[in-house]
Amino acid sequence: MSHINYSAVYEEQRKNQKACYKKHTDDAAASPLISYMTKVGIDFVQDIADGITADGHNTSSLAIIGQSEKATKDRNNAFAPVWRRTLMWIQFLKPLFKENMKEFTEWSVDVDVNGKILFATTFAKKVVVTKAMIAKHGAYAAGTSPLQPFITTNKDDLVKLLGKTTDADAFEVSRDDLKAKAEVETGKRNTVWAKPYSNQKDIGTYLVGLYPEDKKTVALWGYDVVDAVPAAKEKTITVKPLVRRAVSGIVKGTVLKNTGKKDFNVYKGRKGLGDGTLLKVGEEMGMNKGCSAIVVFNPTDIGDIMFSVTTK
């Protein structure tokens, strides 16, 4: 039996509503929806008006998200050279600390029980490491810091590097603030759109029942009618450094597994807002409520991340 494939994308939902309303008004008195909507109390005109209001919030959210993404790029551009330098400092110190890698912890560089360096993967942690290493270097008497030979030879300007870090921090604050504002607008959109979209799905169910063997007619009302549920399949996805990748159509109840060699961040929702979840190498994350669409971010400067996920 045919069923309707509803999109999780707001814009597609509104497109369906507009097409349905046009068909209804074009059919005028002959519309098969008149008696149904009268019976169940659907006010199509009000639903369309609410859709227009929801569009306003959606437009605002998208504009703010664009600003947030720019702030993220500005943050990354400001901090990228600083973090590259920090990684060079760590590499320079490794031969000096090889007999006791735990010395790195005094520089805020994490080390596991086997003496392997655990490189920071989030912006916040990277900033902590950079600032701590500069502070640790400055705590030594003049000319005695283990980092001094590298800093002198490579003419590192620590004041400038700290300045870029401060700039990056400011962009991060702006980014978080904009993300929060975008979430507010999206929330307002969803609140306004909830009843019209529920009504739209009810109308679709009614039309499928009215035309059980004629999916083409139902499609004239703007619905995506399919004969069977698409087969789910597991796919492996790779994401390049500092790139965000959206994945939709995820099958509820399945798992996302980090199959690569680097940790990465997973955000629920198509826009990747809110607090992310750090998924370490080999770990799995249940794709439950709110995970039909996600955004995966590769926070590393070097190397792809890889994960498996089941989608429709």
Side-chain angles (χ1 to χ4, degrees), residues 68-97 101-112 115-140 145-179 238-245 258 260-267 272 275-281 295-306:
S68 176
E69 290 175 346
K70 182 180 183 303
T72 301
K73 290 180 180 179
D74 290 340
R75 179 203 71 183
N76 292 341
N77 289 338
F79 192 65
V82 180
W83 184 241
R84 281 196 297 269
R85 213 57 174 174
T86 303
L87 291 176
M88 290 179 187
W89 294 341
I90 295 173
Q91 292 299 328
F92 175 74
L93 292 175
K94 282 175 68 175
L96 300 178
F97 297 161
M101 294 293 282
K102 287 296 183 179
E103 286 190 61
F104 268 117
T105 60
E106 298 178 9
W107 297 72
S108 290
V109 178
D110 292 333
V111 178
D112 67 16
K116 180 181 179 182
I117 293 175
L118 301 174
F119 291 98
T121 58
T122 66
F123 170 75
K125 179 59 177 176
K126 290 177 181 179
V127 168
V128 168
V129 172
T130 295
K131 289 182 176 180
M133 291 193 75
I134 292 176
K136 179 66 174 177
H137 166 75
Y140 281 89
S145 167
L147 266 184
Q148 193 62 58
F150 184 97
I151 290 173
T152 300
T153 300
N154 294 280
K155 297 180 174 60
D156 287 349
D157 187 334
L158 300 185
V159 173
K160 183 177 180 180
L161 290 173
L162 279 175
K164 286 183 175 295
T165 302
T166 299
D167 291 342
D169 267 333
F171 286 127
E172 175 73 352
V173 171
S174 174
R175 167 183 175 271
D176 289 344
D177 180 60
L178 289 166
K179 284 175 62 178
T238 59
V239 183
K240 295 187 177 300
L242 301 178
V243 171
R244 294 166 64 88
R245 172 72 181 270
N258 184 342
K261 298 181 179 180
K262 295 179 179 294
D263 303 341
F264 57 82
N265 301 305
V266 181
Y267 299 85
D275 295 328
T277 299
L278 178 64
L279 196 65
K280 296 185 177 181
V281 173
V295 172
V296 176
F297 175 57
N298 180 355
T300 63
D301 295 326
I302 301 174
D304 296 347
I305 62 170
M306 183 180 298

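Ionic pairing of Asp301 and Arg84 is not present here: no N-O contact between side-chain nitrogen and carboxylate oxygen is shorter than 4.0 angstrom.
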Apply the test side chain to side chain contact (heavy atoms under 4.5 Å, CB included) to residues Met306 and Lys262: give CA-CA distance (whole Å), side-chain angles for both, the deciding distance (0.1 Å), then the verdict. CA-CA 8 Å; Met306 183 180 298; Lys262 295 179 179 294; over 6 Å; no
With side chain to side chain donor-acceptor pair (under 3.5 Å) as the test, would you mind laying out the steps for Thr72 and Arg175 before giving the verdict? CA-CA 6 Å; Thr72 301; Arg175 167 183 175 271; 2.9 Å; yes
Given Ile305 and Thr238, is the side chain to side chain contact (heavy atoms under 4.5 Å, CB included) satisfied, shown in steps? CA-CA 6 Å; Ile305 62 170; Thr238 59; over 6 Å; no
For Val281 and Phe264, what are the C-alpha separation, side-chain angles and deciding distance, and is it a side chain to side chain contact (heavy atoms under 4.5 Å, CB included)? CA-CA 8 Å; Val281 173; Phe264 57 82; over 6 Å; no
Applying side chain to side chain contact (heavy atoms under 4.5 Å, CB included), run through Val239 and Asp304 and close with a yes or a no. CA-CA 5 Å; Val239 183; Asp304 296 347; over 6 Å; no
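How far CG of Leu93 is from OG of Ser145: 7.5 Å, rounded to the nearest 0.5 Å. From Asn77, atom CG reaches atom NZ of Lys70 across 9.0 Å, with rounding to the nearest 0.5 Å. Here the straight-line distance linking atom CD1 of Ile117 with atom CD1 of Ile90 works out to 6.0 Å at 0.5 Å rounding. We find the CD-CZ distance between Glu172 and Phe123 to be 5.0 Å, quoted to the nearest 0.5 Å. Atoms NZ and CG, from Lys73 and Leu242 in turn, are 12.0 Å apart once rounded to the nearest 0.5 Å.
The shortest non-hydrogen separation linking Leu279 to Asn258 is O-ND2, 3.0 Å. Across Gly272 and Arg244, no two heavy atoms sit closer than the pair O-NH2, 3.2 Å. The two residues Leu147 and Trp89 come nearest to each other via the heavy atoms CD2-CB, 3.7 Å. Shown here for Ala168 and Arg75, the closest heavy-atom pair between the two residues is O-CG, 3.4 Å. Minimum heavy-atom separation, Tyr140 to Pro146: CZ-CD, 3.5 Å. Contact between Pro81 and Lys164 at its shortest, heavy atoms only, is CG-CD, 4.3 Å.
In this structure, Ser108 and Met133 have side chains that are not in contact, with every pair of non-hydrogen atoms separated by 4.5 Å or more. Using a 4.5 Å heavy-atom threshold, the side chains of Phe92 and Pro149 count as touching. Under the 4.5 Å side-chain criterion, counting only non-hydrogen atoms from C-beta, Ile151 is in contact with Leu158. Here the side chains of Phe97 and Trp107 are in contact, with some heavy-atom distance below 4.5 Å. In this structure, Val296 and Asn265 have side chains that are not in contact, with every pair of non-hydrogen atoms separated by 4.5 Å or more. Put simply, the side chain of Asn298 reaches to within 4.5 Å of the side chain of Pro241, judged on heavy atoms. Annotation: side chain of Lys94 is in contact with side chain of Phe104 (closest heavy-atom distance under 4.5 Å). Within the 4.5 Å cutoff, side-chain heavy atoms of Phe150 are placed close to those of Arg85.
Paired with Val127 under the rule side-chain contact (heavy atoms from CB on, under 4.5 Å), one option of Thr165, Thr166, Val82, Thr122 passes, and it is Thr165.
Applying the side chain to side chain donor-acceptor pair (under 3.5 Å) rule to pairs touching residues 124-134 yields Thr86-Thr130, Lys131-Asp169, sequence neighbours excluded.
Within 6.0 Å of NZ on Lys102 lie more than 12 heavy atoms contributed by other residues, nucleotides or ligands.
Side-chain N or O atoms of Asp157 include one that pairs as donor or acceptor with a backbone N or O of Val159 at under 3.5 Å.
By the salt bridge (Lys or Arg N to Asp or Glu O under 4.0 Å) test, Asp177 pairs with Lys181, sequence neighbours left out.
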